[in-house]
Structure formats: structure tokens, C-alpha cells
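Everything on this sheet refers to the single structure shown next.
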There are 2 protein chains.
Amino acid sequence: MVAAARKRVQDTVNNYGFMQLNKSFVSADDVAKRAGVSRSAVSRTFTPGASVSEETRQRVMEAAQALGYHVNQLARGLMRSESGIVCLVVSEMDTPYRARLVRALTHELQTAGKIAMLINTDRSDGSVDTALRQTLHYRADASILLSGLPDKAITRLCLNSGQRIVLINRDDDIEGPFRINLDDGQAARVAVSAFLRAGCRHLAFANSDVGTPSLMARERGFIAAAAEFGLEVRVVRHGNTVYESGRKIAQTLFTEAVQPDAVFCVNDLMAFGLMDGARYDFGLNIPEDLCIVGFDDIEQSSWTSYNLTTFSQPVDEIVKSSVAWLQSDATAGRVRPANLHAPLIWRKTIRNKL
Amino acid sequence: MVAAARKRVQDTVNNYGFMQLNKSFVSADDVAKRAGVSRSAVSRTFTPGASVSEETRQRVMEAAQALGYHVNQLARGLMRSESGIVCLVVSEMDTPYRARLVRALTHELQTAGKIAMLINTDRSDGSVDTALRQTLHYRADASILLSGLPDKAITRLCLNSGQRIVLINRDDDIEGPFRINLDDGQAARVAVSAFLRAGCRHLAFANSDVGTPSLMARERGFIAAAAEFGLEVRVVRHGNTVYESGRKIAQTLFTEAVQPDAVFCVNDLMAFGLMDGARYDFGLNIPEDLCIVGFDDIEQSSWTSYNLTTFSQPVDEIVKSSVAWLQSDATAGRVRPANLHAPLIWRKTIRNKL
DNA sequence: GAAACTTTTGCACGCGCTTGCAAAAAAGCG
DNA sequence: CGCTTTTTTGCAAGCGCGTGCAAAAGTTTC
């Protein structure tokens with residue numbers, strides 16, 4: 001129906017003599033006709049590595065230019081079984097870290113000649129599995145998951161459809177997808193030793209209760225590292241990894257009998273909440289009374305009001321290695337996960353010496 | 001080549017008897033064969049409003065279920081000239097306000113049965129025009145521009161291709177696109193009267209020097225509203241609409257002979273920078289020494305360290321009206337722009353009385 | 001200049017789907 | 001039950017493109 005309507009418009013327009021300029025879409029056929037060659041010729045002109053003589057190539061390009069032709073990626077995708085589409089499935093994408101990742105990913109994908117489709121898994125219903133199935137509808141070449149963890153069945157379905165999957169910070173022992181993780185254990189160790197050097201003795205860990213693998217890895221790592229020095233860790237888990245949760249955790253921690261003098265927050269947002277809670281609800285000074293370290297190094301961490309010492313997500317590396325893997329030859333089956341290092345960015349929330 | 005390889009795999013698999021489960025993609029043909037009907041029947045089953053008897057419909061659905069079939073949107077898009085794709089073209093999408101908008105838009109589009117393609121215009125080269133042309137490659141049904149302003153020629157090209165365009169906060173007199181704007185003038189007037197009620201007499205306006213239409217509208221509105229009360233406005237423009245620029249502007253403003261006691265910041269990020277500058281570089285107290293109002297009401301504005309009084313972007317309304325218009329009947333030609341109201345959210349950066 | 005190459009070109013088929021059209025089946029009616 | 005009207009169905013064409021194949025054109029070689 002729509003197509004019919006469009007067709008009609010086009011014809012009318014043509015009758016009025018405005019020709020190609022106003023035609024809905026110019027096809028390879030049109031270009032071929034104008035250039036006086038076969039349609040294959042124009043198709044080959046736009047296919048890197050195909051056999052076309054320089055002369056016809058010129059002719060085709062000229063005609064294409066004049067008509068404003070560009071290949072229809074939908075049709076090309078249909079033939080090639082390679083749509084050039086990469087799906088980014090992500091929830092709560094306005095979270096600073098996620099937003100930065102999405103920005104960097106889309107950019108990198110574009111420079112690699114791919115295009116990003118954004119799938120929002122905010123609504124609770126179908127969540128990730130539905131989203132992943134959706135990626136199949138559009139024959140996406142690959143999916144990159146920033147949040148959620150897919151069911152094994154659906155993962156296999158995607159892989160069998162020739163799709164590649166990248167999991168960022170979602171470690172799990174699913175095989176097939178490329179997994180990118182941070183060395184959370186190492187970061188935790190660095191945090192502990194930084195706290196100790198600052199003279200802290202009462203360590204706490206502020207986590208969310210969603211229990212994402214990488215968050216749990218940080219928690220375990222921190223507890224283990226502290227144990228090596230004979231220290232116990234007060235762990236508080238609450239809500240999501242957002243400001244409010246940090247605030248809430250401050251309420252819990254600073255109304256207890258023995259209060260921490262150092263807190264590792266599982267991400268920066270929670271650290272900000274915790275800092276504001278400590279400062280404004282309990283009058284604590286940071287870093288004199290309380291040392292804090294966060295994770296992600298989002299932009300706000302460098303704002304003077306917070307000046308948060310935090311671990312930096314190597315966004316560039318994450319993005320580069322993801323896209324590189326997408327373009328590499330499919331070594332189907334088990335894929336070696338990437339393990340990236342998150343360096344500590346020193347600012348002002350851990351004191352230098354006691 | 002890829003297609004050929006896939007075909008080969010499929011055949012092998014079939015020979016081994018694993019059948020459909022492992023086949024790359026199951027097509028409508030497969031379903032038809034299994035259900036014992038024609039391919040048109042299955043196509044009609046998945047086309048709302050098409051004529052199929054309840055019985056065959058059931059049979060088809062069953063077969064589809066068993067085989068894991070879902071229509072290929074690429075192929076459907078090819079036929080229907082309606083891909084279901086909506087392009088979001090945006091730069092610096094990790095900016096809190098933009099990120100929120102992108103999140104809300106993708107969500108709303110999905111519930112409307114569309115899917116979002118994200119086009120990043122960060123890199124300076126082609127910018128918006130290239131991006132918009134890219135949307136044509138994928139035969140997007142529509143494009144929503146959150147940043148940048150397209151050339152008229154390319155706009156017309158998109159419109160002629162049957163694409164619809166939405167401009168958010170990018171007012172300009174381009175005709176054809178649906179434009180959504182805020183009532184910046186009204187907001188500016190509200191800001192002035194709030195400052196006056198607080199006893200402020202030295203107004204300043206902190207703007208970026210990129211000169212986006214909506215930002216300039218706020219500036220003009222503020223100056224005009226102040227003039228009605230016989231007050232002059234010290235305008236400072238610097239850099240981008242980011243934290244650092246606000247910081248820089250603080251340096252400028254508070255080293256001058258006559259210092260402002262009220263600043264309207266063109267967005268929240270700049271307001272934060274200005275606040276931090278005022279507080280930490282100049283020891284000013286907010287709101288006692290200095291009143292501040294921002295724009296956007298991003299999440300950070302409610303954080304205790306800032307507690308910024310600011311104008312709220314009606315994100316929900318923006319998103320809803322955008323998507324609604326996309327689905328409405330094309331009233332081609334001049335489209336009446338939407339003019340939305342941005343209410344002031346009172347927090348703690350404007351004092352109540354003198 | 002003819003034979004043996006190599007490169008370029010056009011044809012025709014197919015990717016997976018929608019849809020107008022006419023035939024077939026079902027339903028309504030006196 | 002026969003006839004008309006409505007609904008359902010299959011056929012076939014076509015959306016815009018890529019690509020194997022064989023014919024055509026161009027190059028080299030002796």
C-alpha cells in the first residue's frame with residue numbers, strides 16, 4: 001500500500017518532468033541506463049575488489065553522482081547475508097559509563113563501516129532474550145551486550161545464525177561469545193594497599209544487590225586482599241548502582257557502632273552518593289576522616305566537588321578490541337576472553353599518609 | 001561468498017539430519033512446506049490485517065514456532081519500502097541530557113514497533129549531512145536529530161525519499177521537518193523574576209559560544225526580560241556546554257570589578273562548573289552570595305553537592321510527541337512546530353528572600 | 001596475424017519477502 | 001439444490017541487489 005502510494009507519487013513527478021531528482025529512490029538500474037552499461041557493472045563498481053575496467057567505472061560513478069545513487073543496504077544485506085548492522089543491547093543507557101561506552105562503540109563501528117542498532121532492554125518484560133531475538137529479525141552481523149546476560153539457548157541460536165556476540169563486563173562461562181572483562185581482582189588489591197598506606201584500618205565495601213558478575217568479582221577480590229592483611233571487610237549491598245544507593249549505604253555504615261574509615265564503592269555513582277551522605281548527613285571530612293575509592297572514572301569524578309580517586313575503565317581498549325574481534329576471522333567455538341587492566345586514577349579522596 | 005559458505009554448511013547439516021534447528025535461517029518457504037500451505041499464506045499470517053482463515057493461520061503459526069521462524073525485516077523492508085528503522089543522529093551522546101533523551105527515544109520507538117539506529121556525528125568531517133545520507137542507505141523511515149543542523153539540500157533529499165525528520169531543540173526555519181522546541185523565552189522570564197525576588201541586582205548569563213538556536217533564544221530572552229526591569233546582563237560565552245566552560249566563566253566573572261550575584265547558566269553542566277569555580281576558587285557561598293539557575297534538570301542536579309535550581313526538560317513530552325508525529329499521517333509541507341513548557345524545579349541555588 | 005591467454009561484460013538466477021489478480025472454496029439465499 | 005456473493009488461496013511478478021557462468025573484448029606471444 002505504501003509502496004503503491006510512493007510509486008504513484010514518483011510517476012506523477014516524472015510526468016511533470018522533474019526526473020530523477022525527485023524520484024523516491026534511484027536504483028542501480030537507473031544508473032546503469034544512464035551510464036549505458038549493464039546493471040552488473042554498476043553493482044561491481046560499488047563492490048570493492050570486483051572486476052570493472054577503469055573506464056566503465058568512471059562512467060558509472062559519474063552517473064551515480066548525477067542521480068544521487070547509493071546502494072540500498074537492505075537489498076545488499078539480503079544478498080550478502082551480511083547486513084553491516086551491529087546491535088548494541090543495553091539498559092539504563094543514560095548512566096554515565098554506559099553512555100560513554102555507547103558513544104565510543106558507535107563511533108568505532110562507524111569507522112569500521114558498520115552501523116549500530118540500539119536495543120533498549122529497560123522494560124522488564126522480555127528483557128535480553130527478546131532483544132537478542134530482535135537482532136535476528138534485522139539479520140545483524142553481531143550483537144554487543146552491555147547489560148543483561150542472555151539465555152544459553154538464545155545465545156546458541158544467534159551463534160548458529162552466524163551472528164557474533166560480545167559480552168562486556170558480563171563475565172560468565174557461556175562459550176561462543178567474546179568476553180571482555182577487567183582485572184577486578186587486581187584492582188581490589190590495589191585499593192586495599194592504597195587504603196592501608198593511608199592508614200585506614202576499618203574497610204568497607206559498598207555494592208549494589210544486583211549481583212552482576214564483575215561487581216561480585218570486585219567484592220570478592222577486595223575481601224580476599226584485605227584478608228591477607230588480617231582485616232575484615234564490612235560489606236553493604238543495596239539497590240542499584242546509583243547515587244541514591246550510595247546515599248543509603250552511608251546511612252547504614254555511619255550509624256553503626258564501629259564506623260569505616262575507608263570504603264571501596266563498586267562504581268562512581270555510588271561513591272558520590274556515599275560522599276554526599278558522609279559529608280552532609282554526618283559531617284565527615286574526606287579524605288581526613290574517610291577515604292573513598294570508586295570505579296569507572298566517569299566524567300563527574302574529576303569535578304571539584306568530588307575529585308574522586310577511582311579506577312579507570314579502559315573504554316578505548318574495550319571498544320577497539322570488541323570491534324577488532326568482530327572483524328577478525330571467526331574462530332568459532334571457545335574464544336579466549338580479553339582481560340583488561342583498570343588503572344587507579346589518583347585524585348583527592350584517599351589521603352597520602354596518615 | 002559468505003552466502004555460499006553458509007549454504008554449504010546448511011546442506012551438510014541437513015544431510016546429517018539435524019534439520020531446521022541448526023539451519024542458518026529458516027525462511028517463509030520452509031514454514032510453508034512444513035505447514036502444507038503456500039508461501040503467501042505464511043506471509044499473510046505475519047501481516048496484520050491480511051486475509052487468512054483461522055485454520056491455516058494456526059497451522060502456520062505452529063510450524064513457525066517449531067522451526068523458530070521470524071520474518072526477515074530486511075526483505076520485508078525491501079518490499080514495503082518501510083524498514084521500521086528510525087535513525088537517531090546525535091553527537092556527544094554521553095552528555096547527560098542527550099543520553100537521557102536517547103534512552104527515552106529508543107524505548108518509545110520500540111514500544112511503537114520501530115527500531116533505533118544510532119548515528120554518531122562526533123567526528124568533524126562529514127558531520128550531519130553525511131549521517132543523514134547514511135540514513136538513506138538503510139532506507140530509514142525517519143530521522144530524529146538531536147544535534148547539528150542539516151543542510152537544506154540534504155533535508156529535501158530525505159523528505160523526497162519519503163523520510164520524515166524530527167528536529168529536537170534545533171529550531172531553525174527549515175520547512176518539512178517536525179520541530180520540537182521549548183519556550184525558552186518564558187523560561188528566561190521566570191528566571192529573571194526568581195532572581196529579582198531573591199534580591200539579586202547584578203545578573204549574568206553564562207553561555208557557550210557554539211550558538212545553537214535554542215541556547216541563543218535563552219540568552220536573548222534573559223536579556224529582554226531583565227531589560228524590562230531596567231537591568232543589564234553581563235553575558236559571557238565560552239567553549240562548549242560543559243563543566244569546564246562553566247569553570248572558566250567563573251574565572252572571568254569573579255575577577256571583574258563588579259561581580260554578579262545571579263547567573264543563569266545555559267545548561268546544568270555549565271552551572272556545576274560555575275558553582276565549583278565560585279565555591280572553591282572564590283570562596284563564595286551559594287545561594288547566600290550567589291544565586292544560580294541552570295537548564296535541563298539532569299540527574300546530577302538533584303545531588304546534594306549541587307542541589308541546583310533548574311529548568312526541567314520535558315523529556316517525556318518530547319519523546320511522546322516525536323514518536324506520535326512519526327506515526328501520524330503525513331501532512332507533508334509545512335508542519336506546525338511543538339512548543340513545550342520547561343518548568344522551573346526549585347532546589348537550593350536561589351535563596352528565598354534577600 | 002593467428003593462437004593462447006587474461007580481463008571485462010552481460011545475462012539470468014536467486015536472496016526472502018509482499019501483494020494484485022484470478023481461481024477455488026466457503027458461505028449466504030431464495 | 002443452484003446461484004450469487006464473500007472469503008481464502010496460490011500463482012507469479014517484483015523490491016534492489018550480488019555473482020557464477022559463458023560470451024565478448026582486449027593482451028600477449030611467437
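Letters A, B, ... mirror the listed sequences (proteins, then strands); counts begin at 1.
- Not a single side-chain hydrogen bond (donor to acceptor under 3.5 Å, both in side chains) links A/S321 to another residue, sequence neighbours left out.
- Take A/K320 and apply the salt bridge (Lys or Arg N to Asp or Glu O under 4.0 Å) test, not counting sequence neighbours, and it matches A/E108.
- Partners of B/Q327 by side chain to side chain contact (heavy atoms under 4.5 Å, CB included), not counting sequence neighbours, listed by chain and number: B/A112, B/V323.
- The side chain to side chain contact (heavy atoms under 4.5 Å, CB included) test applied to B/N72 returns A/L78, A/R139, B/L74, B/A75, not counting sequence neighbours.
- A straight line from NE2 of B/H137 to P of D/dG16 spans 16 Å, rounded to a whole angstrom.
- Screening residues 57-92 of chain B for ring pair (Phe, Tyr, Trp, His ring centres under 6.0 Å) gives A/H137-B/H70, B/F46-B/Y69 as the qualifying pairs, with residues at least two apart or on separate chains.
- Listed pair A/T56 / C/dT9 meets the phosphate criterion, a side-chain N or O lying under 4.0 Å from OP1 or OP2.
- In this structure, the side-chain hydrogen bond (donor to acceptor under 3.5 Å, both in side chains) partners of A/S147, at least two apart in sequence or on a different chain, are A/S91.
- Annotation: proximity of residues 42-52 of chain A to DNA chain C (heavy atom, distance under 4.0 Å) is found for A/R44, A/S51, A/V52, numbered in ascending order.
- In terms of the side-chain hydrogen bond (donor to acceptor under 3.5 Å, both in side chains) criterion, residue partners of A/N120 (sequence neighbours excluded) are, by chain and number, A/D122, B/T106.
- With sequence neighbours left out, the side chain to side chain contact (heavy atoms under 4.5 Å, CB included) criterion links A/Q65 to no other residue.
- Between A/R39 atom CZ and D/dG16 atom P there is a gap of 10 Å when expressed in whole angstrom units.
- In this model, the phosphate group of D/dT8 is not approached by any side-chain N or O of B/S53 to a distance below 4.0 Å at OP1 or OP2.
- A search for salt bridge (Lys or Arg N to Asp or Glu O under 4.0 Å) contacts involving A/R57 returns nothing, not counting sequence neighbours.
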Between the protein and nucleotides 23-27 of chain D, list every N/O to N/O distance that falls short of 3.5 Å.
none

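- For the helix from C/dG1-D/dC30 to C/dG30-D/dC1, the terminal axes (five pairs an end, C1' atoms, rotation from four pairs onto the next four) enclose an angle of 30°, given to 10 degrees.
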